[in-house]
Amino acid sequence: MKPPLDLDQLQTFITIADTGSFTRAAEEVHRTQSAVSMQMRRLEERIGKPLFEKEGRSNRLSEEGERLLSYARRLLYLNRETLAAFDDQRLEGTIRIGTPDDYADRFLPEIMARFSRSNPRVELTVVCEPTPGLVDQIKRGQLDIALVTHNDARGQSEVVRREPLLWVSSANHAVHEQEILPMAFGRPNCVWRRAACDVLDGMSREYRILFTSFSATVIAAAVLSGLAISVLPECALRPGMRVLGEADGFGILPDCRIGLMRGQTDQPEIVDALARHIAESLDNISVPALEDAGGVGFSAQALNRARRGVAANMLPGW
C-alpha cells in the first residue's frame, strides 16, 4: 500500500498555484525557496507525474498539476473540517450573511453545508437582497458579511469568483429574433442592466424594457416563458434557457465579478471562518452542465465559444 500524501506539501502546492510564484509561496508558508522546491520535487515523485512546466522564466501548472489542485483543496478542507469536529473551543455565536438570490440558489447549499459541518454551534442568519441593498446593510452594521456583485464604485469587496455574463433567452421560443427586443432586467442601478444596455446601444439594436425586478425568480420567469431576453451570470442559468452568442447578433458582455464584503463585527473569528468557507466553496463549484442540440456535454471552454458565436446552446438541466 502506498503511503499517504503529505498535507504540508499539498498546502505549499496550493499556495504556489494561488500566488503564481515559488518565491511568493515561500514567503506565505514561511519556508526558503529551496525548501519549497524540494517539497514540490518530493510531491512530484510521490504522484509520479510532472506538476509544473516551464513557460519562459516562470513555471505554470501542468495538466496533471491542474488535476491535483482540486484534490489538494478538498483534502486540506477535509483536514480542517476533521480537526474542527474534535475542537473543544469550536466557534459559537450568530453571524449575519447577505447574498442576492441569483447567487443564493447556486452557491448557498454548498456554503451552508460546508460551514455548518465545521461549525455546528454557529447560527446563520441569511438575508437575500440585491447587491446595493446589501452594501447599505454592511455600511449600517446590519450584516457581518455579504456575497455581492463586485462594483468598484460601490465600495471595496474581495473578488472570489469571476464568471461570464451571458445573454439568455427561452430554449423554446424565438423572442431574440424580434425586431425590437423585449428585455427583462434588474432595477435601474443594476450593473448587469447597465452593461447590457451599453452593448445594445453600441450595436444600435432596438429594445424595450418590459420587466424590471430585483428578484432573480421574476427575471427567470420572464425569460423561460418566452416574454423577454435578459443577461445572467453563468451560475444563474436555469433549465430551459438558451445562451445567445454573436452568431445570434449579440455582443460580448463584461465578466461578472463576485466579491465578499465584510462589515464591522465583534465576531471576527466567525467572519474569517465563513469567508474562508465561501471562497473554498465557490472555488469548488463547477459551472452548470450545458448541452448542445446533439446532446454532447458542454464545458466552460465550450460556453466561452458560445459567447463568441455558436448559436442554440441550451441548458436542459444540471
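Source: prediction; values computed, not measured. The chain is numbered in sequence order, starting from 1.
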To the nearest 0.5 Å, tell me how far [X] [atom1] sits from [Y] [atom2].
X      : Y      : atom1 : atom2 : value
Leu10  : Leu5   : CG    : CG    : 5.5 Å
Leu61  : Leu68  : CG    : CG    : 9.0 Å
Arg187 : Ser213 : CZ    : OG    : 7.5 Å
Glu129 : Thr99  : CD    : OG1   : 11.0 Å
Arg121 : Ile270 : CZ    : CD1   : 12.0 Å
Ile258 : Ile278 : CD1   : CD1   : 11.5 Å

Any heavy-atom pair between the side chains of [Y] and [X] that's under 4.5 Å?
X      : Y      : answer
Leu232 : Met241 : yes
Tyr207 : Cys197 : yes
Leu147 : Val160 : yes
Ile229 : Val175 : yes
Leu224 : Ser170 : no
Val191 : Arg257 : no
Asp144 : Ile97  : no
Leu237 : Leu166 : yes

Could you name each residue pair satisfying ring-ring contact (aromatic ring centres under 6.0 Å, His included) that touches [range], not counting sequence neighbours?
range            : result
residues 41-62   : Phe13-Phe52, Phe22-Phe52
residues 111-136 : Phe115-His277
residues 163-197 : Trp167-Phe250

Do any N or O atoms from the side chain of [X] and from the backbone of [Y] form a donor-acceptor pair under 3.5 angstrom?
X      : Y      : answer
Asp101 : Ala216 : yes
Arg96  : Gln142 : yes
Tyr77  : Arg114 : yes
Asp272 : Glu269 : no
Arg194 : Asn189 : yes
Arg106 : Ala236 : no
Glu44  : Leu51  : yes
Ser157 : Met261 : no
Gln137 : Leu143 : no
Thr12  : Asp8   : yes

Checking Arg31 now: which residues fulfil salt bridge (Lys or Arg N to Asp or Glu O under 4.0 Å) with it, not counting sequence neighbours?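 Scan of Arg31 (salt bridge (Lys or Arg N to Asp or Glu O under 4.0 Å), adjacent residues dropped) gives none.
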Any donor-acceptor pair under 3.5 Å linking the side-chain atoms of Glu53 with those of Ser62? no
Does the side chain of Ser21 come under 3.5 Å of the side chain of Thr19 through a donor N or O and an acceptor N or O? no
When clusters are formed by joining ILVMFWY residues with side-chain heavy atoms under 4.5 Å apart, either directly or through shared neighbours, do [X] and [Y] land in the same one?
X      : Y      : answer
Val126 : Phe107 : yes
Leu253 : Ile209 : yes
Val271 : Ile111 : yes
Ile145 : Val122 : yes
Tyr103 : Ile219 : no

Considering non-hydrogen atoms only, spot the tightest contact between [X] and [Y] and give its length.
X      : Y      : answer
Thr131 : Pro100 : OG1-CG, 3.6 Å
Leu165 : Pro233 : CD1-N, 3.6 Å
Asp102 : Cys235 : O-SG, 4.5 Å
Val223 : Ser169 : CG1-C, 3.6 Å
Leu69  : Ala17  : CD1-CB, 3.8 Å

Please identify each residue that fulfils side-chain contact (heavy atoms from CB on, under 4.5 Å) with Asp136, with sequence neighbours left out.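 Asp136: side-chain contact (heavy atoms from CB on, under 4.5 Å) contacts with Arg140.
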Going by side-chain contact (heavy atoms from CB on, under 4.5 Å), name the residues that satisfy it together with Gln9, two or more places apart in sequence or in a different chain.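 With sequence neighbours excluded, Gln9 shows a side-chain contact (heavy atoms from CB on, under 4.5 Å) to Asp6, Gln39, Arg42, Leu43, given in chain and number order.
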Give the C-alpha distance, both sets of side-chain angles, the deciding distance and a yes or no for side-chain contact (heavy atoms from CB on, under 4.5 Å) between Leu274 and Leu124. CA-CA 10 Å; Leu274 181 56; Leu124 285 177; 4.1 Å; yes
Run Val168 and Arg238 through side-chain contact (heavy atoms from CB on, under 4.5 Å) and show every step you take. CA-CA 10 Å; Val168 293; Arg238 300 192 182 192; over 6 Å; no
Are the charged groups of Arg67 and Glu64 less than 4.0 angstrom apart, N to O? yes
Would you please test Arg208 and Leu210 for side-chain contact (heavy atoms from CB on, under 4.5 Å) and show each step? CA-CA 6 Å; Arg208 64 179 181 272; Leu210 289 187; 3.5 Å; yes
Between Glu158 and Arg262, is the side-chain contact (heavy atoms from CB on, under 4.5 Å) condition met? List the steps. CA-CA 9 Å; Glu158 174 194 354; Arg262 304 183 190 216; 4.2 Å; yes
